[in-house]
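Computed from heavy atoms alone, side chains included, the values below leave out hydrogens, waters and symmetry copies. Residue numbers run from 1 in the order of the sequence given.
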Amino acid sequence: MSLLSTVPFSVLDRSHVRRGEAGPAALRGTVELARRIEALGYHRFWVAEHHGVPGIAGSAPTVLAAAVAAATSTIRVGTGGVMLPNHRPFVVAEQFGVLESLFPGRIDMGLGRSVGFTDGVRAALGREKRDADDFAGQLAELLGYFTGGQEPGPRVRARPAEGLRVPAFVLATGKGARVAAGAGLPLVIAPVRGEDAMLRAIEEYRAGFRPSAWGERPHVVVSGTVAVAAGTEEARDLLLPEAWATAYSRTRGEFPPLVSARTVRETAMTERERALFEEAARGRTHGTADEVAAGLEKLLGRTGADEFLVTTSTYDRAALLDSYRRLAALLGRRGPGAV
């Protein structure tokens with residue numbers, strides 16, 4: 001049996017700003033995309049956390065998740081993720097307790113260990129790079145507020161979180177795979193450092209997994225970009241805006257609003273920018289439906305993934321939705337209200 005027909009597929013949207021639009025439009029675009037993704041039959045819809053980034057409007061993931069959950073009715077909604085070192089675990093527990101209370105059985109708590117991208121942002125957050133070093137401790141404190149096992153100082157209860165079971169996921173950055181295994185939580189991982197490194201991290205996670213109240217067995221969610229179009233070059237065009245924004249950020253220290261594929265092709269790049277741009281565009285699953293199906297089958301087979309989280313971003317919103325529509329069709333998950 002094809003793995004594509006059995007592995008759940010979900011979507012993460014980072015609320016990218018497009019050139020010529022403001023942040024509020026990007027956030028409304030995320031909520032509208034969630035409605036369309038639900039109609040296409042995807043399993044989850046997640047939002048992300050970025051602070052002080054000109055090209056990304058998603059800075060408050062629990063707030064945005066609430067808006068997405070209110071605009072949908074069946075799809076699971078969550079964060080990919082809340083960056084725990086940026087927040088007090090007690091407050092995060094309260095926020096997810098409220099979300100789960102308002103939308104019972106539909107909320108996911110994806111958690112990461114990154115801190116603000118620049119010194120200025122970290123200062124504004126009241127955080128430093130070293131705050132990420134105790135991610136495992138922060139995670140244990142957060143989960144304790146749900147189980148009732150965390151009592152710092154005077155008796156403190158996170159309400160309405162205590163007693164609720166919001167599924168928790170760990171985003172693998174740095175030591176994330178080991179932290180997820182030790183906590184007995186699902187792992188979300190992408191081939192950021194290459195597929196071989198990802199496969200080693202997955203193997204380490206499965207070998208070190210310790211069953212917990214949150215999970216009896218390892219659960220791997222592989223994430224990555226998937227672009228489907230009528231032709232291979234059309235699909236590659238979908239990759240160009242984010243690849244260029246990534247190259248721009250690595251040479252200028254600032255992730256910009258997305259521009260069109262045509263603008264990217266017409267942009268003069270330095271040798272270093274060109275190398276970074278090509279690197280950012282490599283390793284993405286793209287092409288026609290048949291090409292993408294073959295690529296995903298191989299990736300799912302190599303990783304043994306239990307789920308796949310699609311993280312595609314591009315300038316053209318209509319083309320992005322068409323890609324998700326084509327992917328849903330080849331997965332055989334066209335929902336009753338498909339658009």
Side-chain angles (χ1 to χ4, degrees), residues 1-12 42-46 48 76-84 89 92 96 100 105-114 132 134-147 149 164-226 283 285 295-311 331:
M1 179 180 291
S2 166
L3 292 173
L4 292 181
S5 64
T6 58
V7 173
F9 271 64
S10 302
V11 171
L12 166 69
Y42 287 90
H43 184 46
R44 311 179 196 272
F45 188 92
W46 283 5
R76 295 197 63 87
V77 176
T79 56
V82 165
M83 298 297 116
L84 196 50
V92 175
F96 278 97
E100 176 64 19
R106 293 181 56 208
I107 299 300
D108 298 324
M109 184 168 58
L111 305 161
R113 65 182 296 273
S114 296
D134 189 33
F135 178 57
Q138 296 159 357
L139 180 62
E141 180 182 342
L142 170 63
L143 298 180
Y145 286 122
F146 287 91
T147 62
L164 299 179
R165 278 293 187 273
V166 180
F169 300 74
V170 172
L171 279 63
T173 55
K175 301 176 182 177
R178 272 172 280 171
V179 172
L185 295 177
L187 173 72
V188 183
I189 189 166
V192 176
R193 296 178 178 85
E195 189 172 308
D196 288 343
M198 178 179 71
L199 292 175
R200 288 193 297 271
I202 291 174
E203 183 179 0
E204 179 183 17
Y205 163 73
R206 290 187 173 124
F209 185 86
R210 297 166 54 188
S212 71
W214 301 85
E216 297 180 356
R217 58 185 63 85
H219 187 94
V220 175
V221 183
V222 171
S223 67
T225 296
V226 180
T285 303
L296 287 175
E297 283 284 352
K298 290 179 182 178
L299 181 58
L300 294 174
R302 287 192 296 267
T303 60
D306 299 288
E307 296 186 38
F308 195 96
L309 179 66
V310 185
T311 61
L331 295 173

A.B. asks: Which atoms form the tightest heavy-atom contact between Ala177 and Ala201, and what is the distance?
C.D. replies: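 Taking every non-hydrogen atom into account, CB-O, 3.8 Å.
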A.B. asks: Checking Phe45 now: which residues fulfil ring pair (Phe, Tyr, Trp, His ring centres under 6.0 Å) with it, not counting sequence neighbours?
C.D. replies: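 Testing Phe45 for ring pair (Phe, Tyr, Trp, His ring centres under 6.0 Å), a comparison that skips the adjacent residues, returns none.
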A.B. asks: Once rounded to the nearest 0.5 Å, what's the spacing between atom OH of Tyr42 and atom CG of Leu331?
C.D. replies: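 Tyr42 OH to Leu331 CG: 6.0 Å, rounded to 0.5 Å.
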A.B. asks: Could you work out, with side chain to side chain contact (heavy atoms under 4.5 Å, CB included) as the rule, every residue matching Pro218, not counting sequence neighbours?
C.D. replies: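 For Pro218, the residues satisfying side chain to side chain contact (heavy atoms under 4.5 Å, CB included) (neighbours in sequence not counted) are Tyr205, Arg206, Phe209.
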A.B. asks: Nearest heavy-atom pair of Ser223 and Pro191: which atoms, and what distance?
C.D. replies: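 What the structure gives for the nearest pair is O-CD, 3.5 Å.
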A.B. asks: Donor-acceptor pair, distance only, cut-off 3.5 Å: does the side chain of Thr79 make one with the backbone of Gly110?
C.D. replies: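 Looks like yes, one N/O pair under 3.5 Å.
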A.B. asks: Indicate the atoms forming the closest heavy-atom contact of Glu100 with Gly105, along with that distance.
C.D. replies: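 Distance-wise, the nearest heavy atoms are OE2-N, 2.8 Å.
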A.B. asks: Heavy atoms only: give me the nearest Gly176-Arg113 pair and the separation to one decimal.
C.D. replies: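 Scanning both residues, the minimum pair turns out to be N-CD, 4.5 Å.
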A.B. asks: Write down the atom of Val222, the atom of Ala305, and the distance for their closest heavy-atom approach.
C.D. replies: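 Where Val222 meets Ala305 most closely, the heavy atoms are CG2-CB, 3.6 Å.
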A.B. asks: If the condition is salt bridge (charged side-chain N to carboxylate O under 4.0 Å, His left out), which residues does Arg76 pass it with, not counting sequence neighbours?
C.D. replies: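 Residues passing salt bridge (charged side-chain N to carboxylate O under 4.0 Å, His left out) with Arg76: Asp108.
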A.B. asks: To the nearest 0.5 Å, how far apart are CD1 in Ile189 and CG in Leu309?
C.D. replies: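 Taking CD1 in Ile189 and CG in Leu309, the distance rounds to 12.5 Å.
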A.B. asks: How far does CZ of Phe135 sit from CG of Leu142, to the nearest 0.5 angstrom?
C.D. replies: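 Output value for this atom pair is 9.0 Å.
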A.B. asks: Do Val221 and Arg44 have side chains that approach each other closer than 4.5 Å (heavy atoms only, starting at C-beta)?
C.D. replies: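 The answer is no, as the side chains (C-beta and beyond) never meet within the 4.5 Å cut-off.
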A.B. asks: Could I get the full list of side chain to side chain contact (heavy atoms under 4.5 Å, CB included) partners for Ala197, not counting sequence neighbours?
C.D. replies: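 Ala197 satisfies side chain to side chain contact (heavy atoms under 4.5 Å, CB included) with Arg193, Arg200 once adjacent residues are dropped.
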A.B. asks: Is there a side-chain contact between Leu185 and Leu143 in this structure, where contact means two heavy atoms from C-beta onward sitting under 4.5 Å apart?
C.D. replies: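 SC-SC contact between Leu185 and Leu143 confirmed.
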A.B. asks: Verify side-chain contact (heavy atoms from CB on, under 4.5 Å) between Phe96 and Val82, making sure each step is shown before the conclusion.
C.D. replies: CA-CA 10 Å; Phe96 278 97; Val82 165; 3.9 Å; yes
A.B. asks: Measuring from Leu139:CG to Met109:CE, what's the distance to the nearest 0.5 Å?
C.D. replies: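 Output value for this atom pair is 8.0 Å.
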A.B. asks: Mind checking whether Thr303 and Val220 have side chains closer than 4.5 Å, heavy atoms only?
C.D. replies: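 The answer is no; the side chains never approach within 4.5 Å.
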A.B. asks: Does the Glu297 side chain pair with the main chain of Ser2, one donor and one acceptor, at a distance under 3.5 Å?
C.D. replies: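 No, Glu297 side chain to Ser2 backbone: no donor-acceptor pair under 3.5 Å.
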A.B. asks: Using the test side chain to side chain contact (heavy atoms under 4.5 Å, CB included), find all partners of Leu296 that sit at least two apart in sequence or belong to another chain.
C.D. replies: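 Once residues adjacent in sequence are excluded, the partners of Leu296 under the side chain to side chain contact (heavy atoms under 4.5 Å, CB included) criterion are Leu4, Phe9, Val226, Thr285, Val292, Phe308, Leu327.
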A.B. asks: Could you pull out all residues at least two apart from Glu195 that satisfy salt bridge (charged side-chain N to carboxylate O under 4.0 Å, His left out)?
C.D. replies: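 Result, salt bridge (charged side-chain N to carboxylate O under 4.0 Å, His left out) vs Glu195: Arg302.
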A.B. asks: Check side chain to side chain contact (heavy atoms under 4.5 Å, CB included) between Ala136 and all other residues, then give those that pass, not counting sequence neighbours.
C.D. replies: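 Result, side chain to side chain contact (heavy atoms under 4.5 Å, CB included) vs Ala136: Val179.
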A.B. asks: Do any pairs count as a side-chain hydrogen bond (donor to acceptor under 3.5 Å, both in side chains) and have a residue in residues 210-222, sequence neighbours left out, and if so which ones?
C.D. replies: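 side-chain hydrogen bond (donor to acceptor under 3.5 Å, both in side chains) check on residues 210-222 returns His219-Glu307.
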A.B. asks: Search all heavy atoms of Ala180 against all heavy atoms of Val170 and return the closest pair with its distance.
C.D. replies: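 That would be CB-CB, 3.7 Å.
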